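See below for the structure under consideration.
These figures come from a predicted structure and were not determined experimentally.
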Amino acid sequence: MKVVIVGGVAGGATAAARIRRLDESAEIIVFEKTGFISYANCGLPYYIGDVIANQEELTLQTPESFWSRFHIQVKANHEVTKIIPDEKAVSVKNLLTGEEWKEAYDKLILSPGAKPTRPNLPGIDSNRIFTLRTVEDTLRIHDYVNANGIQSAVLVGGGYIGIETAENLREKGLQVTIVQRPKQLMNTLDYDMAAFVHSKLRQKGVNLRLGSSVTGFREENGQITALLDGEDGISADMVLLAIGVTPDSSLAKQAGLELGVKGSIAVNDRMETSAPDIYAIGDAVQVKHFVTEENTVIALAGPANKQGRIAADNACGKDSRYRGSLGSSIIKIFDMVVAGTGLTEKAAAAAGLSCDSVVLSPSSHAGYYPGAKVMTMKVVYEKESLRILGAQIIGSEGVDKRIDVLATAIHAGIKADKLKDLDLAYAPPFSSAKDPVNMAGFMIENLNTGMVKQYHWDEIADLPRDGSVTLLDTRTAGEYAGGHIDGYVNIPVDELRERLNELEPSKPVYVICQSGLRSYIACRMLAQNGFDCYNLSGGYRFYASVIRDKLMSERSYPCGMEK
């Protein structure tokens with residue numbers, strides 16, 4: 001059997017190695033149009049910031065090491081220019097010599113990846129504008145910054161690559177501005193969670209221009225200006241376009257293969273395309289979202305590697321299936337860790353799902369053990385079925401293991417209230433006896449059984465201030481004096497039993513504390529005394545973070561002014 005693989009990064013390299021493990025006699029040829037194979041896309045921003053100092057560390061394998069270990073031919077700087085399904089052949093061009101020929105195959109695996117979105121805007125061809133997708137891209141940016149004494153940069157786009165590059169350029173001392181058309185960074189988060197990301201970036205000196213649209217670029221006075229719709233432009237020494245990626249499906253389209261959403265390559269759960277003996281994997285393919293079962297495109301390394309293994313299995317006569325993508329992801333933003341899996345609340349609502357969420361602020365480990373850090377967790381679930389739809393966590397240590405537990409729970413079909421039953425490892429340096437994941441389960445069980453009712457930060461502005469309801473802040477007098485919401489009266493939870501006569505039982509009570517715990521205790525106390533009460537999800541800390549971000553965005557404060 002002869003297998004030709006187009007693309008030698010995550011999916012292609014994985015498929016090649018798996019085929020060799022399954023079939024020692026197979027002839028395997030990998031064509032990669034860049035000069036590097038099996039490289040770590042996710043590490044590219046960190047080379048720009050000199051966190052990864054040696055460029056060799058970006059590549060996991062070389063053509064020579066692939067041949068030495070696996071006897072797989074890897075031809076870098078070779079572009080497959082055409083697929084000829086009827087002949088079971090591809091046309092190949094050596095980009096260094098210009099030589100062209102046809103290469104026959106028995107099985108063909110397409111792993112072309114995705115290409116950075118580059119809109120057709122005036123001035124887009126300036127040599128001061130960069131994209132970041134390949135090792136060559138990162139070397140070019142790294143050398144340009146260091147050789148030219150670059151002092152400032154505009155990053156267009158607020159996804160993973162944009163934010164990671166912003167961090168690395170800021171750590172090198174550059175003035176950095178992120179321009180984003182949506183009014184929040186990271187569409188893998190709900191806005192209320194993204195507010196913590198905005199705060200961290202501003203704190204670290206990154207300027208944010210959210211809700212701004214770039215209309216073009218103009219070089220002037222030795223700089224490049226990003227022109228904005230209805231706003232003053234932003235001048236800098238360089239621009240990085242990081243507004244997303246587009247599936248590189250041109251080969252598949254030319255060959256007449258069926259395409260899917262966003263121009264991706266349509267495949268079934270065996271990673272088979274519409275043409276016999278042609279498979280496709282990675283960032284270029286359409287997949288099923290694990291939660292909604294809707295077709296989507298998810299460009300992440302984890303799914304690409306799994307799909308490479310599955311395509312290899314099936315090319316070798318096995319029967320492997322891809323069950324769908326959750327989009328589990330994690331990112332470091334300076335000293336903050338941000339992770340997500342499944343659907344956001346916004347995405348769940350857009351999919352027509354009746355959902356709710358719980359927000360909690362647990363410590364990363366036992367509070368009495370030194371070094372505990374607060375996390376902010378949001379778990380989204382379907383109201384009737386209690387199916388877990390997604391989760392988002394922001395913090396520092398311990399974020400990764402909690403998001404992985406929640407992703408596993410979604411994959412396994414564990415109901416949201418049953419998170420309380422998970423037997424998770426505990427020792428004071430690592431967790432609490434009731435892990436944050438367990439706590440989310442307790443909270444969802446309480447809501448589902450009617451033990452407590454809740455309201456959310458975006459409902460507060462609409463609560464009546466005419467005396468028809470009671471707005472109650474159960475924090476200490478000192479906390480209340482340090483900042484509170486207009487209309488809320490302060491009765492600390494430890495005084496509430498003795499001061500119940502100050503509240504009217506006929507009025508609904510909307511309760512708040514710092515994180516939601518004391519107000520929950522207050523709600524239980526009130527409910528058992530005949531009051532109809534509601535607990536604020538996430539507490540004052542969560543509410544204040546969102547409102548502060550809204551004010552910062554509306555007033556367009558420069559970086560460093562947030563307190």
*Could you tell me whether R475 and D473 make a salt bridge, using a distance below 4.0 angstrom between a side-chain N and a carboxylate O?*
yes
*Is a donor on one side and an acceptor on the other found under 3.5 Å between the side chain of S152 and the backbone of D237?*
yes
*Let me see the working for D283 and V245 under side-chain contact (heavy atoms from CB on, under 4.5 Å), right down to the final yes or no.*
CA-CA 9 Å; D283 295 354; V245 294; 5.7 Å; no
*So, are R202 and D549 salt-bridged, with charged N and O less than 4.0 Å apart?*
yes
*Could you walk me through whether D486 and R465 pass the salt bridge (Lys or Arg N to Asp or Glu O under 4.0 Å) check?*
CA-CA 9 Å; D486 289 344; R465 264 70 172 179; over 6 Å; no
*Starting at CG of D190, measure out to OG of S357 and round the result to the nearest 0.5 Å.*
7.5 Å
*So does D494 pair up with R518, basic N to acidic O under 4.0 Å?*
no
*Would you say K262 has more than 12 foreign heavy atoms packed within less than 6.0 Å of its NZ?*
no
_Counting neighbours of CG on D232 that are heavy atoms of other residues, nucleotides or ligands and sit closer than 6.0 Å, is the number greater than 12?_
no
*asked:* Assess the residue pair V379 and M443 against the criterion (side-chain contact (heavy atoms from CB on, under 4.5 Å)); give the C-alpha distance rounded to whole Å, side-chain angles, the decisive distance to 0.1 Å, and a yes or no.
replied: CA-CA 10 Å; V379 179; M443 293 170 68; over 6 Å; no
*Ring geometry between Y191 and W457 (parallel below 30°, tilted from 30 to 60°, perpendicular above 60°)*: tilted
*Among D356, I410, L353, which one satisfies side chain to side chain contact (heavy atoms under 4.5 Å, CB included) with L389?*
L353
_CD/E498: more than 12 non-hydrogen atoms of other groups inside 6.0 Å_ = yes
*State plainly whether the residues E167 and K332 are in salt-bridge range, i.e. N to O under 4.0 Å.*
yes
*asked:* So, taking the atom named CG in L326 and the one named NE2 in H289, what distance separates them when rounded to the nearest 0.5 Å?
replied: 6.0 Å
_S519 and N535 side chains, donor-acceptor separation under 3.5 Å_ = yes
*Take I521 and L496 through the side-chain contact (heavy atoms from CB on, under 4.5 Å) test and state the conclusion after the steps.*
CA-CA 10 Å; I521 294 169; L496 185 57; over 6 Å; no
*side-chain contact (heavy atoms from CB on, under 4.5 Å) assessment of E397 paired with F430*: CA-CA 9 Å; E397 69 172 34; F430 305 107; over 6 Å; no
_Polar side chain donor-acceptor pair, R541 to S361, under 3.5 angstrom_ = yes
_Quick check against the 3.5 Å criterion: does Q307 have a side-chain atom that pairs as donor or acceptor with the backbone of G282?_
yes
_Can a donor-acceptor pair be found, under 3.5 Å and without considering hydrogens, that links the side chain of S212 to the backbone of Q180?_
no
*Go through the structure and list residues passing salt bridge (charged side-chain N to carboxylate O under 4.0 Å, His left out) with K507, not counting sequence neighbours.*
E504
*When you check the side-chain N and O atoms of N146 and K172, is any donor under 3.5 Å from an acceptor?*
yes
*Just how far is it from atom NZ of K420 to atom CD1 of I414, taken to the nearest 0.5 Å?*
12.0 Å
_Any salt bridge linking D335 with K373? Criterion: basic side-chain nitrogen under 4.0 Å from a carboxylate oxygen._
no
*With under 30° as parallel and over 60° as perpendicular, where do the rings of Y369 and H365 fit, or are they tilted in between?*
perpendicular
